[in-house]
Amino acid sequence: MSNLLMRYLCSIMDIQEDLSKAIQRAIADLYQQDMGEVTLQPTKKEFEGTYTFVTFPLTKTLRQAPAQIGQRIGAWLVDNSDLVSAFNVVQGFLNLSIADSAWLGLLGEMAGQPDYGAGDKRGQSVMVEFSSPNTNKPLHLGHLRNIFLGDSVSRILDFSGYDVTKTCIVNDRGVHICKSMLAYRMFGNDETPASSGLKGDHLIGKYYVLFDKAYKAQVAEMVVEGSTQEGAEKKAPLMQEVQQMLRLWEQGDPDTVALWQKLNNWVYAGFDTTYQSIGVSFDKTYYESNTYLLGKEVVEEGLDKGVFYRKEDSSVWIDLTDEGLDQKLVLRADGTSVYITQDLGTTDMKAADFHTDRQIWVVGNEQDYHFKVLFAILRRLGRPYANELYHLSYGMVDLPTGKMKSREGTVVDADDLIAETVAAAATAADEAAKGKLAAFSDTEKAELFHLLGMGALKYYLLKVDPQKRMQFNPAESVDLHGNTGPYIQYVHARIRSILRKAEETNLPDSPVATVVLDDVEQQLIFWLSQFPLRVSEAAQDLAPSYIAQYAYDLARTFNQFYDKLSILKEEDPKKLRTRLVLAKSVAETIKRAMGLLGISVPEQM
RNA sequence: GGUCCCGUAGCUCAGUUGGAUAGAGCAUCUGCCUUCUAAGCAGACGGUCAAGCGUUCGAAUCGCUUCGGGGUCACCA
């Protein structure tokens, strides 16, 4: 996939890039050798300097000891480059200090850019599919990881210059929803979200559970009467009724369809409420009731092309054993579809609807195999888009007590979790505020606590590498201290407070070119300068965790700066002005970075 | 069993294309508010990077083997 993603091109001055070129020139000048691209790394904090160039790899070609190479290049840079103010050599490591003038020039350019870090429009489009719930029960914690990931990846790609289409495929048909429908018909007494006071998705979830209870009781009874467990599960009258209902639905029976529509609409309203409270939306929602019959013509096409083959029982298969996969059924003997049939058709349809250059699915890693097969089939069918399909796979969310299991009732409901997180954030924040919120109205307070709670929750779920299974610890997820969303939000509020006091309307937008910088100021400018690179890496790897980590590093460095140096009480007006520019840039970059995670930042907290 | 993913401090996690003495947070302990928001800062404690072998100037990172955890290999979705 990465072949499509070009390296981010930074329009502003790039110290790292310029330094790397200067080193190439040094080597050319001193040794008459062309080393090609040279890479730099940040200097470890126990050493003096900002960037480190490793000279070990040059020893063979240049036939000189690593330390000596470092000495010569370092000296050359100090003499010939305005960027480098000093250097030191430790074995094969050449540590370079950057001149204040270079830092200040960089800060000035960054501060002057209204959309600093954004990528140029590249005329490429991406579709991101995420959330994709079933309509028989409410969203849960696992969905939240999925939704936050999909939403954040969409924002990152958009910010990086792609045209992004966010889609959601709702699984609104099938046995699962018929179970809720049947239970509602049996026990519902025309209950509605309004009459019950329940969100629509929770109401339907309640009937899904009721069905399961009644069904299990029925099965148990039949087992007592002598049936086998397996036989009872198939023959139980409730299951028979569900199957009959599904048939009626497929035949378009008006009563069944009306009931189905009524219940599903309640569920959608419930989902919408949840999406709204977490600040997530979609450009296009597909419904499986409209797509589940798709894919059969793809099967015909595959048979014609000889990609698929028919068995004696007339079921249709593909043999993927030479790719390390298996033989896979794509159409049952009775001519009905399986899951992958429908996905083949849906993928074609999405491509036809939006013509995006890429399609990304945010789906849990239990479907890794499914997507390997899906992509392999589409490649064999010769789809032009087949090499630009990507499964953004993520690991499950575990609780401290272990796996979430719906059977054992340990599934964490999304709405409950959001409410609890916001409530916990409110308690903790109220206490920590120590009177800072005295001027806030109740509404303003509620908004702030929601913002902090969502910041805590989103940051907690997004800071971890998606691929990894992660543990959700409720207590940690609402923490305001340390590597958390609220810690970063706090830094933003702190800076905004200072800027307000500094007569906001009259803030400078450029530093003074001649001031002497403190180490921590250099570090802060360094972190600011890393933002575009981090964004491009996050876009390339579809990794919101890079942005989360970055935002924390930036915020933490600001707190060190804040503790060490005063802004408003600085007596040297040049320094004061420079620090204001610096603080303002940090606040804006934090806001932007957190925005890429779908997290808002407060003006005051 | 085939195949894929994971294994880093007591716990939760970072660790950029192989680089220096492997980093944060939480927890525990110690300092710092008359001073721009202490929701903060600084410090201490804490490691056989699951184990072994190999590749190389150099490995948490790459390769192989073993052990441990999980997913998947449905005419479910």
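Just so we're on the same page: letters track the sequence lines, and every chain starts at 1. Just so it is clear, the structure is predicted and the values come from calculations on it, not from any experiment. What you see below is based on every heavy atom in this structure, not just the backbone, and it leaves out hydrogens, waters and symmetry mates.
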Counting Watson-Crick and G-U wobble pairs with both distances under 3.5 Å, what is the dot-bracket string for RNA chain B, 5' to 3', using [ ] for crossing pairs and | for pairs to another strand? (((((((..((((.....[...)))).(((((.......))))).....(((((..]....))))))))))))....

Is there a side-chain contact between A:Leu417 and A:Leu141 in this structure, where contact means two heavy atoms from C-beta onward sitting under 4.5 Å apart? yes

I'd like to know if the side chain of A:Gln327 pairs up with that of A:Tyr309 as donor and acceptor (distance under 3.5 Å, no hydrogens or angles considered). yes

Do we get A:Lys328 above A:Trp317's six-membered ring, with its NZ or CZ under 6.0 Å from the centre and within 45° of the axis? no

Using the side-chain heavy atoms of A:Phe56, tell me which of these nucleotides is nearest: B:G40, B:U37, B:C57. B:C57

Does A:Gln489 reach the side chain of A:Met594, with side-chain heavy atoms less than 4.5 Å apart? yes

Using the P atom as the reference point in each nucleotide, state the distance between B:A9 and B:A22 in Å, no decimals. 14 Å

Atom pairs under 3.5 Å: protein N/O with N/O of nucleotides 9-11 of chain B:
none

Expected output is a numbered-order residue list: members of residues 558-573 of chain A with a heavy atom under 4.0 Å from any atom of RNA chain B. What is it? A:Asn559, A:Gln560, A:Tyr562, A:Asp563, A:Leu565, A:Ser566, A:Ile567, A:Leu568, A:Lys569

Could you measure between the two P atoms, the one in B:U61 and the one in B:C5, and give it in whole Å? 16 Å

Report the residue (A:Ser315 or A:Glu46) whose heavy-atom-nearest nucleotide on RNA chain B is the more 5′ of the two. A:Glu46

Within the 3.5 Å criterion, strictly below it, is a donor on A:Arg469 or A:Asn365 matched to an acceptor on the partner's side chain? no

Between A:Asp368 and A:Pro466, who's closer to the 5' end of RNA chain B by nearest nucleotide? A:Asp368

If you measure from the C1' atom in B:C36 to the same atom in B:G31, how many Å do you get, rounded? 23 Å

Please encode protein proximity along nucleotides 58-65 of chain B as a string of B, S and -, counting only heavy-atom distances under 4.0 Å. --------

Can you list everything that forms a salt bridge (Lys or Arg N to Asp or Glu O under 4.0 Å) with A:Asp313? Sequence neighbours excluded, please. none

Ignoring the backbone of A:Asn483, work out which of B:A39, B:A77, B:G25 is nearest its side chain. B:G25

Taking atom types as they are modelled, would you say the side chain of A:Ser545 forms a donor-acceptor pair with the base of B:A14 within the 3.5 Å cutoff? no

Test the A:Arg173-A:Tyr287 pair against the cation-pi criterion, namely NZ or CZ under 6.0 angstrom from the six-membered ring centroid and within 45° of the ring axis. no

B:G19 base stacked by A:Phe93? Criteria: ring centres under 5.5 Å, plane angle under 30°. no

Tell me whether the ring of A:Tyr369 lies stacked over the B:G71 base, given a 5.5 Å limit on centroids and a 30° limit on the plane angle. no

For the C1' atoms, the ones on B:G47 and on B:A24, what distance do you get once it is rounded to whole angstrom? 14 Å

Closest to the side chain of A:Tyr490, out of B:G71, B:G40, B:C36, is B:G40

Could you tell me whether the side-chain ring of A:Tyr487 sits stacked on the base of B:A39, using a centroid cut-off under 5.5 Å and a plane angle under 30°? no

Any side-chain donor paired with an acceptor under 3.5 Å for A:Ser529 and A:Trp527? no

Check A:Val581 against A:Pro508 and note the closest heavy-atom contact, atom names and distance. CG2-O, 3.8 Å

Pairing donors with acceptors under 3.5 angstrom, does anything connect the side chains of A:Ser314 and A:Arg310? no

salt_bridge(A:Asp212, A:Lys179) N-O dist < 4.0 Å: no

With rounding to the closest Å, how many angstrom separate the P atoms on B:G23 and B:C45? 14 Å

Would you give me the side-chain donor-acceptor pairs under 3.5 Å for residues 88-96 of chain A, sequence neighbours excluded?
residue, atom, partner, partner atom, Å
A:Asn88, OD1, A:Asn95, ND2, 2.9
A:Asn88, ND2, A:Glu48, O, 3.1
A:Asn95, OD1, A:Thr52, OG1, 2.7

Please report the distance separating the C1' of B:A60 from the corresponding atom of B:A14, rounded so that it comes out in whole Å. 12 Å

Starting at atom CD of A:Gln41, determine the distance to atom C1' of B:U16, rounded to an integer number of angstrom. 10 Å

Quantified in whole Å, what is the P atom distance between nucleotide B:G2 and nucleotide B:C11? 31 Å

A:Lys60 side-chain N/O to B:U56 phosphate OP1/OP2 under 4.0 Å: no

In short, A:Val330 meets A:Val299 closest at the heavy-atom pair O-CG2, 4.1 Å

Quick one: closest heavy-atom pair of A:Ile590 and A:Leu554, and the distance? CG1-CD2, 3.8 Å

